[in-house]
Amino acid sequence: MLKNIILMGPPGAGKGTQAKRLVSQFNLIHISTGDMFREAIKENTSLGQMAASYINRGDLVPDEVTIGIVKERLAKKDCENGFLLDGFPRTIAQAEALKKIGEEIARPIDVVINIDCDKNELVRRISGRRVCKNCGAPYHIDTMKPKVEGVCDICGGPLYQRKDDNKEALEVRLGHYMNQTKPLLDYYKHLGLLRNFDGSIGSDILFDELSKLILGK
Ligand code: AP5
């Protein structure tokens, strides 16, 4: 089984949706830098205050900060049985740092999963997304509705719209994706680690495809 995994893709491609199901199915540690920053913002820590100023307008948090929190998290003992990185790396500097960290802690990456999706669908998804305030589960007002409006199916928490899920911030996020993150696909292709998937197919079908890859089927 593949156990040290990177999940990549543009904002709204479905990384978070798939990540939550995959980590639960395969007992992996979910490391989402976006979730880590949002948690710090919720708790109003100094990291959260700093991150909010970047995230709310759609900009990337500086590399040295992001690399630092991932390095600390990956070194924890619970990652030894496998981890799924969601939203990291996003720049060449982050990818180079991750390579070094992987060597230091003897936890190299087994596979890089890229979920792609066209821009119109990304805009539709992001503008209709609602997220659980407690557990972070993602929903969509038209296509992935909760059973009770405004309430999370999983934990009963209230659903809200992320501050960076607006037209202006999304344009900035897509720009960073095209200029800084997309070049990483070539970086990982050269290393023979990249696997591409179509994120516009149904969430269940995509989950089955990703599961087969992880199981080596
Ligand atoms: P992050 O939280 O990583 O956000 P993102 O990459 O922009 O991705 P999203 O969470 O918006 O989308 P997703 O692909 O997870 O889609 P989802 O599954 O929710 O980062 C946020 C910010 O933090 C960044 O902008 C940056 O500021 C900062 N940051 C984070 N990491 C950083 C790093 N490494 N370096 C620097 N800064 C960093 O799905 C979207 C919607 O579509 C949902 O409504 C869902 O229900 C629906 N949906 C999902 N799949 C399907 C499907 N197959 N069919 C139909 N609908 C679907």
Side-chain angles (χ1 to χ4, degrees), residues 6-22 30-41 47-48 50-71 73 84-95 97-98 113-118 120-132 135-146 152-154 159-166 168-182 184 197-210:
I6 294 175
L7 198 51
M8 290 185 64
K15 301 183 295 299
T17 303
Q18 296 300 326
K20 285 193 167 50
R21 294 183 68 179
L22 292 170
H30 184 195
I31 304 178
S32 159
T33 40
D35 284 352
M36 288 160 101
F37 290 133
R38 280 185 289 277
E39 194 56 34
I41 292 170
L47 171 69
M50 186 276 294
S53 64
Y54 293 93
I55 292 181
N56 291 346
R57 58 174 191 257
D59 282 329
L60 294 180
V61 176
D63 281 339
E64 59 276 20
V65 176
T66 313
I67 291 166
I69 62 166
V70 171
K71 184 174 181 179
R73 186 64 191 87
L84 188 151
L85 283 162
D86 164 8
F88 183 94
R90 265 175 150 95
T91 63
I92 293 286
Q94 292 180 13
L98 178 62
I113 294 171
N114 174 45
I115 305 179
D116 206 359
C117 196
D118 81 52
N120 288 341
E121 176 66 3
L122 297 175
V123 172
R124 187 195 69 77
R125 288 184 184 182
I126 292 282
S127 51
R129 173 168 54 188
R130 298 293 181 270
V131 183
C132 174
C135 73
Y139 296 87
H140 190 279
I141 52 170
D142 298 320
T143 48
M144 292 177 88
K145 294 182 184 181
C152 178
D153 292 345
I154 301 164
L159 306 188
Y160 79 110
Q161 185 166 30
R162 273 169 45 177
K163 272 200 178 148
D164 58 343
D165 278 354
N166 60 69
E168 295 73 30
L170 179 59
E171 282 301 324
V172 178
R173 287 159 66 195
L174 285 169
H176 287 307
Y177 174 76
M178 293 306 290
N179 297 326
Q180 300 194 66
T181 308
K182 213 171 173 193
L184 289 181
F197 290 85
D198 178 3
S200 63
I201 59 175
S203 184
D204 290 343
I205 303 171
L206 181 57
F207 176 71
D208 289 344
E209 288 190 5
L210 298 180

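As the structure lists them, so they are numbered: ligands from 1, and atoms in each ligand from 1. Because the structure is a prediction, the values reported are computed rather than measured.
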Backbone or side chain, does any N or O of [X] fall under 3.5 Å from an N or O of ligand 1?
X    : value
R173 : yes
D35  : no
G202 : no
R130 : no
A13  : yes
G128 : no
V61  : yes
D86  : no
R38  : yes
G12  : yes

For [atom], what is the nearest protein heavy atom, given as residue, atom name and distance?
atom                    : answer
atom 39 (O) of ligand 1 : T17 OG1, 3.7 Å
atom 6 (O) of ligand 1  : R90 NH2, 2.5 Å
atom 44 (O) of ligand 1 : Y139 O, 2.7 Å
atom 19 (O) of ligand 1 : R129 NH1, 2.6 Å
atom 16 (O) of ligand 1 : G14 N, 3.3 Å
atom 28 (C) of ligand 1 : I55 CG1, 3.8 Å
atom 31 (N) of ligand 1 : T33 OG1, 2.7 Å

Under 4.0 Å from ligand 1, counting heavy atoms only, is it the side chain of [X], its backbone, both or neither?
X    : value
T66  : side chain
M144 : side chain
I126 : side chain
L206 : neither
P10  : backbone

Is any side-chain heavy atom of [X] closer than 4.5 Å to a side-chain heavy atom of [Y]?
X    : Y    : answer
L60  : Y54  : no
I126 : R173 : yes
D35  : R38  : yes

Indicate the atoms forming the closest heavy-atom contact of [X] with [Y], along with that distance.
X   : Y   : value
D86 : G16 : OD2-CA, 3.7 Å
P62 : M50 : CD-SD, 4.4 Å
A19 : L7  : CB-CD2, 3.8 Å

**Prompt:** Out of curiosity, is G9 lining ligand 1, as in a heavy atom under 4.0 Å away?
**Reply:** no

**Request:** May I ask whether I201 places a heavy atom under 4.0 Å from ligand 1?
**Result:** yes

Provide the number and element of each atom of ligand 1 under 4.0 Å from a heavy atom of [X].
X    : value
D59  : 26 (C), 27 (O)
P138 : 19 (O)
G16  : 13 (P), 15 (O), 18 (O)

**Message:** Quick test of your reading of the model: are D208 and R21 salt-bridged, counting only N-O distances below 4.0 Å?
**Reply:** no

**Prompt:** Do D165 and R125 meet the salt-bridge criterion of a basic N to acidic O distance under 4.0 Å?
**Reply:** no

**Prompt:** Taking the minimum heavy-atom distance to atom 55 (C) of ligand 1, which of R125, K15, Q94 ranks first?
**Reply:** R125

**Fill in**
Judged by heavy atoms only, the candidate from H140, R162, H176 nearest atom 10 (O) of ligand 1 is R162

**Asked** Do the side chain of S200 and the main chain of C117 share a donor and acceptor less than 3.5 angstrom apart?
**Response** no

**Request:** Check whether any side-chain N or O of K15 sits under 3.5 Å from a backbone N or O of P10 as a donor-acceptor pair, and report yes or no.
**Result:** yes

**Fill in**
Tested for side chain to side chain donor-acceptor pair (under 3.5 Å) against D63, the lone hit among Q180, Q94, R90 is Q94

